[in-house]
Every structure is written in C-alpha cells, then in structure tokens.
Participant: 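Please read through the structure below; I'll follow up with questions.
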Amino acid sequence: MLSRFLRYKQRGSFSVEFAIVGLVFSTLLVFSGDVIIKLSMKGKLDRLSYSMVNILKERTQLYEEDYTIKQSEARELYVISQGSLSRMGGTSFDSNRYRLIVEEQTFRSNGTPNAVRTFNFGAEVCTLRTTLSDLRHLSVVTSWDRQATLYRVSLCYETDNWVGDILGGDFRIVSSDAVIIGR
C-alpha cells in the first residue's frame, strides 16, 4: 500500500522536469542560433571592411601626395560593399539595415592633424564610439618626412534580436572597422 501511495505522489514530477528541461534546451538552441548568425555576419563585415579600406589605400597611390577622398569615391565604396554583402548574404541581406562610414585623417606639413573627414551612407543603425582622431597615434612619419594619412572604414549591420527578445536586451548591431595607414 505504501508503494502505491508513493507512486501517486510522483506522478506529475516527470512532466514538471520535462517542462523545465525543455525550456532550458529551447533557450539554448535559440541562443546558439543567434550567436551563429551574428558570428557569420561579423566575419563577413570583418573581411569586407578590410577589403574596402585596402581599396581606399590603393586608390590614393594613383594620385598626388595631398590626395583627399571625395564624396563620390566614398559612395562607390558603399555601393561596392553593399553589392558584396548582398551576394554573400543572399536573400537575407536588407540594405535598410546596413551602414558604411568612411573616415580620413590627414596632417599638415608640420605634422599637426587636420579635421577628420567623415562620409556616412546607409541606415542610421549605429554610431561610432571612437573617431579616427582618437587613433591618430597610429600614423607614422614616411620616408618623405611627412605624417602618413590614416583611413578607416566602419561597417554596421542590424541583425534580428532573437536572444534580446527573450532576455530583455538589445543585441542587434554587428559592426566591424578597419584602419590603415596611407601611402
């Protein structure tokens, strides 16, 4: 009689344990899926920002010593990068969630920095925490005894917020930037 009474008291414990384990497991799956999507986008943005800043650097080699970026050239980088992301992302890429920021830090002949030139294209999905003027210590003096120009290309993309919706946070923005010393 006692064993029958104990089995009756434990009858619902499997359902409760299964519900708790199922909830934890499904949260883990959603979290893993979200991290995989964001890491994939981060890798794409890393490669693309590095490629775009190298294109910018190589263009400057073709022009005179005091070359500065024009709005139209920065826009070309935006169009190229947007097309590249569209090909990499397939149907999941949304241009309304994408932003490109191009920065240029030039220096006067005495080595003092000029104002940073910034070109923004795309959606207002992110802002920069630092500007290129905060990184001007990366510039070097060239063999022609002048301070080298710095270029930075920053890319941002707004992803879906799967985990943020569950945990009450905002984990949508994936960004990458690349800085390079000009010639």
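All residue numbers in this chain count up from 1 along the given sequence.
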Participant: Is there a side-chain contact between Gln71 and Phe119, using heavy atoms and a 4.5 Å cut-off?
Facilitator: yes
Participant: Please tell me if the side chains of Gln82 and Phe93 come closer than 4.5 Å, counting only heavy atoms from C-beta onward.
Facilitator: yes
Participant: To the closest 0.5 Å, what do you measure between OG (Ser154) and CG (Leu128)?
Facilitator: 4.5 Å
Participant: Determine whether Val30 and Leu39 fall in the same hydrophobic cluster, where Ile, Leu, Val, Met, Phe, Trp and Tyr are linked whenever their side-chain heavy atoms lie under 4.5 Å apart.
Facilitator: yes
Participant: Would you say the side-chain atoms of Glu103 pair up with the backbone N or O of Leu132, donor to acceptor, closer than 3.5 Å?
Facilitator: yes
Participant: Sequence neighbours excluded, which residues qualify as salt bridge (Lys or Arg N to Asp or Glu O under 4.0 Å) partners of Arg117?
Facilitator: Glu104
Participant: For the CD1 atom of Ile101 and the CG atom of Asp177, what is their distance to the nearest 0.5 Å?
Facilitator: 9.0 Å
Participant: Side chains of Thr106 and Thr149: is there a donor and an acceptor less than 3.5 Å apart?
Facilitator: no
Participant: For residues Val174 and Cys156, determine if any side-chain heavy atom of one lies less than 4.5 Å from a side-chain heavy atom of the other.
Facilitator: no
Participant: Are Met88 and Arg47 packed together at the side-chain level, in the sense that at least one heavy-atom pair is separated by less than 4.5 angstrom?
Facilitator: yes
Participant: Between atom CG of Leu56 and atom OG of Ser51, what is the distance when rounded to the nearest 0.5 Å?
Facilitator: 12.5 Å
Participant: Does any non-hydrogen side-chain atom of Val53 lie less than 4.5 Å from one of Arg152?
Facilitator: no
Participant: With sequence neighbours left out, which residue pairs that include part of residues 23-46 fulfil the ring-ring contact (aromatic ring centres under 6.0 Å, His included) condition?
Facilitator: none
Participant: Checking the side chain of Glu73 only, and the main-chain atoms of Lys70 only, is there a donor and an acceptor separated by less than 3.5 Å?
Facilitator: yes
Participant: Going from OG on Ser81 to CG on Leu48, what distance comes out if it is rounded to the nearest 0.5 angstrom?
Facilitator: 5.5 Å
Participant: Give me each pair satisfying side chain to side chain donor-acceptor pair (under 3.5 Å) with a member in residues 21-36, each pair once, sequence neighbours excluded.
Facilitator: Asp34-Lys38
Participant: For Gly182 and Lys57, which heavy atoms make the closest approach, and how far apart are they?
Facilitator: CA-CG, 4.5 Å
Participant: How about Met52 and Ile80: do any of their side-chain heavy atoms sit closer than 4.5 Å?
Facilitator: yes
Participant: Report the residue from Ile180, Asn54, Ile181, Val179 that forms a side chain to side chain contact (heavy atoms under 4.5 Å, CB included) with Tyr151.
Facilitator: Ile180
Participant: Would a single hydrophobic cluster contain both Val116 and Leu150, if residues Ile, Leu, Val, Met, Phe, Trp and Tyr are joined by side-chain heavy-atom contacts under 4.5 Å?
Facilitator: yes
Participant: Using the six-membered ring wherever Trp is involved, compare the ring planes of Tyr157 and Tyr98 and label them parallel, tilted or perpendicular (cut-offs 30° and 60°).
Facilitator: tilted
Participant: What's the spacing between Gln147 CD and Gln105 CD if we round to 0.5 Å?
Facilitator: 9.5 Å
Participant: Give a yes or no on whether a salt bridge exists between Asp160 and Arg97, defined as a side-chain N under 4.0 angstrom from a carboxylate O.
Facilitator: yes
Participant: Report the C-alpha separation of Leu85 and Leu45 in whole Å, then their side-chain angles, then the decisive distance to 0.1 Å, and conclude whether the side-chain contact (heavy atoms from CB on, under 4.5 Å) test is met.
Facilitator: CA-CA 8 Å; Leu85 267 179; Leu45 293 179; 3.8 Å; yes
Participant: Measure the shortest side-chain to side-chain distance between Val102 and Leu77 over non-hydrogen atoms and say whether it is less than 4.5 angstrom.
Facilitator: yes
Participant: Quick one, Arg99 and Phe121 - any side-chain contact, counting heavy atoms below 4.5 Å?
Facilitator: no
Participant: Just checking Arg129: does its CZ atom have more than 12 heavy atoms from other residues, nucleotides or ligands closer to it than 6.0 angstrom?
Facilitator: no
Participant: Going from CG on Leu155 to OG on Ser176, what distance comes out if it is rounded to the nearest 0.5 angstrom?
Facilitator: 6.5 Å
Participant: Quick check: is Ile55 connected to Val153 through a chain of hydrophobic side chains (ILVMFWY, heavy atoms under 4.5 Å apart)?
Facilitator: yes
Participant: May I ask you to decide if Arg172's main-chain N or O and Thr159's side chain share a donor-acceptor pair within less than 3.5 Å?
Facilitator: yes
